[in-house]
Structures are given as structure tokens and as C-alpha cells.
Amino acid sequence: MEIYFDKKTRKLLRYIKWHPKKTFNHIQQKFTDKGIGMLLINMCMADYLICTRSDGTHTNFKNDSPWHSVGDDVFWVTPKGNKLLEDRFDRLWQWSIPTIISVAALIVSCLKGG
């Protein structure tokens with residue numbers, strides 16, 4: 001299963017990465033979108049997140065039926081989720097630093113030429 005990572009999905013994944021002990025209730029309060037529960041389940045099914053129940057067991061949404069999240073479930077980012085965030089960050093810096101240097105060089109050359 002693959003997920004389309006739009007801005008909201010990346011923001012949710014970053015939030016869980018930086019706040020790893022937040023429960024489903026906390027996440028739902030932070031992100032007021034009604035479909036946040038299904039998005040969390042889909043991210044677990046795609047192996048970007050892990051869900052831990054209050055008794056410490058991991059939830060396998062691929063085999064559990066019916067799918068549901070309880071208010072005290074805790075979500076963790078998996079190595080696959082971390083890699084996605086790191087790759088996105090690396091791609092951002094790969095084009096932004098050369099662009100900043102080029103713009104600075106253009107401004108300096110315009111100021112010297114004029």
C-alpha cells in the first residue's frame with residue numbers, strides 16, 4: 001500500500017516524529033480533520049507508523065478487523081517514515097542552497113555592474 005504524501009500527511013508524520021509519546025486523542029486534537037484516524041491507520045498499514053495499544057502490544061492493522069484506534073493508542077514513526085522525512089529534507093537542501101548562492105551572485109554582479 002502506498003500513500004500520497006501531501007502537505008497535511010507530511011506535517012502529521014513530522015509531528016509524530018517530534019512528539020513520539022502523543023496519544024491518538026492528542027493527535028486528533030492537534031489535527032482537527034475528521035479523516036485523521038483513517039490516515040493514521042493507512043500510514044500504519046503502509047509501514048510508516050507503528051501503533052501501540054495501552055497494554056503495550058503492537059497493532060497490526062493489516063490483520064486486525066475491524067480497524068479502529070482507541071484514544072490512548074500511541075503512534076511511532078518507523079525507519080521507513082524517518083527515511084521519507086530525511087529524503088524530503090535532503091532534496092530541499094540540494095536545490096535551495098545552490099539557488100541561494102546563485103541569487104546572491106546575481107545580486108552582487110548587478111550591484112557591481114551598475
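These numbers were taken from a predicted model, which means no experiment stands behind them. Below, each value reflects all heavy atoms present in this structure, side chains not excepted, and no hydrogens, waters or symmetry copies.
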Peer 1: Could you measure the distance from the CG atom of Leu13 to the CG atom of Leu85? Nearest 0.5 Å is fine.
Peer 2: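 Here the interatomic distance stands at 4.0 Å.
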Peer 1: In terms of side-chain geometry, is the basic nitrogen of Asp73 or Arg53 positioned less than 4.0 Å from the acidic oxygen of its partner?
Peer 2: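 The answer is yes: the pair qualifies as a salt bridge.
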Peer 1: Tell me if the NZ atom of Lys17 is crowded by more than 12 foreign heavy atoms within 6.0 Å.
Peer 2: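 Yes - once you tally the heavy atoms of other residues, nucleotides and ligands closer than 6.0 Å, there are more than 12.
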Peer 1: Phe24 vs Phe75 aromatic rings, parallel, tilted or perpendicular, using cut-offs 30° and 60°?
Peer 2: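 Aromatic pair Phe24/Phe75 classed tilted.
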Peer 1: Check the pair Arg14 / Lys11 against side chain to side chain contact (heavy atoms under 4.5 Å, CB included), numbers first and verdict last.
Peer 2: CA-CA 5 Å; Arg14 272 194 314 268; Lys11 186 176 180 182; 4.0 Å; yes
Peer 1: Are the side chains of Leu84 and Lys80 in contact, using a 4.5 Å heavy-atom criterion?
Peer 2: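 Not touching, per the 4.5 Å side-chain cut-off.
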Peer 1: Leu39 versus Leu12: any side-chain heavy-atom pair under 4.5 Å?
Peer 2: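 A side-chain contact exists here, since the closest heavy-atom pair is under 4.5 Å.
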Peer 1: Can you find a pair of side-chain heavy atoms, one from Met43 and one from Thr9, that are under 4.5 Å apart?
Peer 2: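 Sidechains of Thr9 and Met43: in contact.
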Peer 1: Do the charged groups of Asp6 and Arg10 touch, with an N to O distance under 4.0 Å?
Peer 2: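 No salt bridge links Asp6 with Arg10.
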Peer 1: Atom CG of Leu40 and atom CD1 of Ile27: how far apart are they, to the nearest 0.5 Å?
Peer 2: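 Going from the CG atom of Leu40 to the CD1 atom of Ile27 covers 5.5 Å.
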Peer 1: Any donor-acceptor pair under 3.5 Å linking the side chain of Thr78 with the backbone of Asp47?
Peer 2: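 Between the backbone of Asp47 and the side chain of Thr78 there is a qualifying donor-acceptor contact (under 3.5 Å).
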Peer 1: Atom NZ in Lys21, atom NE2 in His26: separation rounded to 0.5 Å?
Peer 2: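 Reported to 0.5 Å precision, the distance equals 13.0 Å.
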